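Accompanying notes for the structure given below.
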Amino acid sequence: MKAAPSQRIRSILVANRGEIAIRVMRAANELGLRTVAIYSQEDRFSLHRTKADEAYLVGAGLKPVEAYLDIAGVLAIAREAQVDAIHPGYGLLSENPALAHACAAAGIVFIGPRPETMEVLGNKVAARALAVAAGVAVMPATGPLSADPGECARLAREIGYPVMVKASWGGGGRGTRAVEDEAQLRELLPLARREALLAFGNDEVYLEKLVRQARHVEVQILGDQHGNLVHLYERDCSMQRRNQKVVERAPAVFLTAAQRAALTEAALAIGRAARYLNAGTVEFLEDAATGRCYFIEVNPRIQVEHTVTEEVTGIDLVKAQIRIAGGARIGAPDSGVPPQDEIRVSGHALQCRITTEDPENNFVPDYGKIAAYRSPAGFGIRLDAGTAYTGAIITRSYDSLLVKVTAWAPTPEETIARMHRALWEFRIRGVVTNLRFLDQLITHPRFAHAEYTTRFIDQTPELYRSPAKRDRATRLLAGIGATIVNGNPEVQGRPRPAHFTLPPPPPAALPAPAPGTKHKLAELGPEGFARWMRAEERVLLTDTAMRDAHQSLLATRLRTADLAAAAPYYASLAPQLFSLECWGGATFDVALRFLREDPWERLAQLRARVPNILLQMLLRSANAVGYANYPDNVLRFFVARAAANGIDVFRIFDCLNWVENMRVAIDAVLESGKLCAAAI
């Protein structure tokens with residue numbers, strides 16, 4: 001295990017949930033740090049809780065989202081757990097300067113920007129003013145809107161429709177609405193305010209000019225406590241629906257080298273003006289018609305799509321966040337971030353967000369239990385998941401993100417092909433997902449050639465006409481299982497055939513069975529046989545197919561006729577075997593209850609057909625071959641009869657590993673003159 005990045009940080013509380021909480025914990029674990037999770041009552045079964053070294057309930061009695069917004073509760077847990085730092089992840093409290101202030105007051109390191117930086121950049125209106133002062137072009141916009149509808153309408157007319165209503169605080173498209181005219185403004189403005197208040201605890205919004213044909217490009221920046229600031233190039237986040245990102249890629253393939261240089265320099269200019277510390281994202285809109293880029297906002301946190309930047313630069317952003325918060329200097333080896341002139345882009349990366357949304361039903365989120373989950377793997381595929389596994393319960397309490405899949409390859413074409421393969425490898429049953437929609441999107445010719453804007457999804461109806469997966473395997477298995485348990489309704493009431501044709505055994509010339517372990521036991525007796533076993537240097541093999549293997553393969557329904565037909569092949573072709581384990585609780589139970597056969601008759605047939613190999617059974621000590629403790633005299637009688645009818649080796653075990661409970665069975669086997677193999 002590596003040492004902690006600095007003496008200042010030895011433990012981290014992750015003030016978040018789901019996928020990003022797990023992402024931070026993994027980075028902290030690699031750095032040798034102790035991790036602490038918080039969870040709401042609704043998240044008590046979530047995976048992020050069990051990934052941490054310690055986990056604490058937060059926001060008891062509060063609503064699911066409000067629990068994670070309880071700053072006082074988070075700080076109380078941080079003090080109780082004696083952590084050195086808090087990582088806010090993304091969303092929830094990540095852009096709330098009150099948490100950063102509370103951390104500073106408590107002497108806890110906040111892994112993110114300074115509180116005053118968050119107050120400036122977290123407010124989009126103040127961030128615009130900072131960008132203007134830094135000489136960066138901004139989109140025409142208003143200041144914070146007043147409560148007067150008439151004044152809001154006047155400001156919208158000054159900018160010119162269409163406009164965007166945007167939340168001053170937060171990101172992720174929450175509180176954002178496209179407005180075409182004054183009537184729509186009056187309708188959507190209250191909705192945007194309410195959504196912003198619910199998501200960020202603040203209903204302040206403003207208006208921004210809407211560019212019809214726009215591309216969304218953002219630049220990742222990192223700053224340290226020593227005044228160093230670098231960029232990690234850009235991400236293309238134009239694939240959006242309702243202002244929510246769906247697919248992200250790096251680098252932006254439509255940018256020229258000159259445009260890329262201008263964009264990254266503009267991001268650094270804003271970062272320098274803000275004295276930016278830790279990880280952040282500077283977001284721009286490019287007018288596809290003119291190629292001009294306009295600053296829109298800064299997200300002072302790690303972002304959902306940070307994985308594509310990590311893949312193409314090879315820099316672990318979350319580790320860098322932790323190291324920088326601990327005092328590391330960018331450019332020094334202990335920071336994990338090289339100087340600017342050594343940061344390179346290698347290959348192309350693509351991220352898809354797998355959600356439990358129904359594209360055919362207006363992307364309404366689906367909820368329920370994941371009945372089956374299988375994820376892709378292989379070279380160039382990365383998964384970042386929260387609660388994605390068979391049996392997971394998807395609730396209505398939180399967003400619909402299930403897992404992020406990121407593909408890397410040397411070229412854009414190969415990256416798309418790899419993602420296409422990964423999406424088709426997914427198997428998620430029990431909830432509706434957007435898997436087929438995503439595949440339609442990334443394989444669309446316009447996506448491959450970067451001929452799209454932020455309105456691509458809304459303007460491309462063929463994306464919603466994805467071929468439905470037939471899921472034949474699940475239906476086939478369900479049908480077979482139902483028939484095995486309940487019978488086939490198609491033959492109910494029909495007379496049984498007079499004769500059934502048994503499957504013929506494979507043609508083979510069977511020599512006379514050679515002497516085997518059965519003969520050696522008769523020759524040496526139990527004690528002499530035991531001495532022979534201990535002296536034997538070769539491995540002695542027991543075949544358990546007649547007791548164990550067939551149970552899983554054929555649902556415990558293997559008939560005596562089938563076993564008896566196979567038995568002579570063992571005797572003639574495998575006389576070197578130590579034993580055949582052919583009897584036990586499950587086989588006894590199945591013969592009686594399901595097959596309506598006599599298990600003693602089965603034993604007699606096997607003994608007659610295998611005269612040269614020891615026959616072995618599994619004995620459940622005081623339970624014999626049943627599911628309850630039986631009187632001692634019943635157990636002794638059973639062992640004696642089993643020995644007389646052909647069992648040579650009794651493998652005895654006890655469910656509690658209690659040797660005294662095995663004593664009666666052991667003594668009964670020894671009295672019968674057979675071999676006892678007691679096991680714990």
Side-chain angles (χ1 to χ4, degrees), residues 1-39 47-56 74 77-79 81-90 93-94 99-100 103-104 106-114 220-226 228 230 232 277-280 300-304 306-339 342-343 382-386 404 406:
M1 181 178 289
K2 295 181 179 179
S6 79
Q7 295 300 312
R8 190 178 183 191
I9 298 179
R10 296 179 180 274
S11 56
I12 291 178
L13 182 148
V14 186
N16 217 297
R17 62 176 302 277
E19 171 267 321
I20 187 58
I22 293 173
R23 169 71 184 92
V24 175
M25 291 170 194
R26 284 172 170 161
N29 287 337
E30 291 177 17
L31 292 171
L33 306 179
R34 180 172 63 96
T35 57
V36 175
I38 59 173
Y39 63 93
L47 200 56
H48 81 273
R49 175 185 178 184
T50 61
K51 288 287 186 182
D53 296 316
E54 301 172 23
Y56 298 82
V74 171
I77 292 171
R79 285 190 290 267
Q82 298 181 334
V83 299
D84 302 313
I86 290 179
H87 195 302
Y90 58 71
L93 289 172
S94 63
L99 175 61
C103 287
I108 296 173
V109 176
F110 179 75
I111 302 179
R114 300 178 181 90
Q220 178 73 57
I221 61 173
L222 279 172
D224 64 21
Q225 300 172 16
H226 311 284
N228 299 301
V230 295
L232 280 72
L277 173 64
N278 216 269
R301 54 174 168 82
I302 198 73
Q303 291 201 244
V304 182
H306 75 276
T307 62
V308 292
T309 296
E310 291 183 328
E311 291 299 309
V312 297
T313 63
I315 296 172
D316 188 319
L317 285 169
V318 178
K319 278 188 182 178
Q321 282 189 290
I322 297 170
R323 287 163 163 160
I324 287 171
R329 182 188 296 271
I330 290 174
D334 65 337
S335 72
V337 183
E342 295 181 16
I343 299 176
R382 166 181 173 175
L383 298 175
D384 291 78
K404 302 183 314 191
T406 306

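Numbers here are sequence positions counted from 1. All figures in this text were calculated on a predicted structure; none of them were measured in a lab.
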For D384 and V304: C-alpha separation, side-chain torsions, deciding distance, then whether side-chain contact (heavy atoms from CB on, under 4.5 Å) applies.
CA-CA 10 Å; D384 291 78; V304 182; over 6 Å; no
Write down the atom of [X], the atom of [Y], and the distance for their closest heavy-atom approach.
X    : Y    : value
A78  : I108 : CB-CD1, 3.7 Å
N29  : K51  : ND2-O, 4.5 Å
A279 : Q220 : CB-NE2, 3.9 Å
V74  : A15  : CG1-CB, 4.2 Å
G386 : I22  : O-CD1, 3.6 Å
T406 : E311 : CG2-CG, 3.8 Å

Checking the side chain of [X] only, and the main-chain atoms of [Y] only, is there a donor and an acceptor separated by less than 3.5 Å?
X    : Y    : answer
E54  : T35  : no
H48  : R23  : no
D224 : I330 : yes
H306 : D316 : no
N16  : Y90  : yes
Q225 : I324 : yes
K319 : L31  : no

Please say which of L33, V36, V83 ends up in a side chain to side chain contact (heavy atoms under 4.5 Å, CB included) with I12.
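Exactly one pass, corresponding to L33.
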Side chain to side chain contact (heavy atoms under 4.5 Å, CB included) partner of V109, the single match among I86, I9, D84:
I9
Less than 4.5 Å apart, side chain to side chain, heavy atoms only: is that true for [X] and [Y]?
X    : Y    : answer
Q321 : R323 : no
V318 : H87  : yes
N278 : P300 : no

Run the numbers on V24 and I111 for side-chain contact (heavy atoms from CB on, under 4.5 Å), then give the verdict.
CA-CA 11 Å; V24 175; I111 302 179; over 6 Å; no
Not counting sequence neighbours, which residues clear side-chain hydrogen bond (donor to acceptor under 3.5 Å, both in side chains) with S94? List them please.
none
What distance do L232 atom CG and I315 atom CD1 have between them, rounded to the nearest 0.5 Å?
4.0 Å
Supply the atom-to-atom distance I77 CD1 to Y39 OH, rounded to the nearest 0.5 angstrom.
8.5 Å
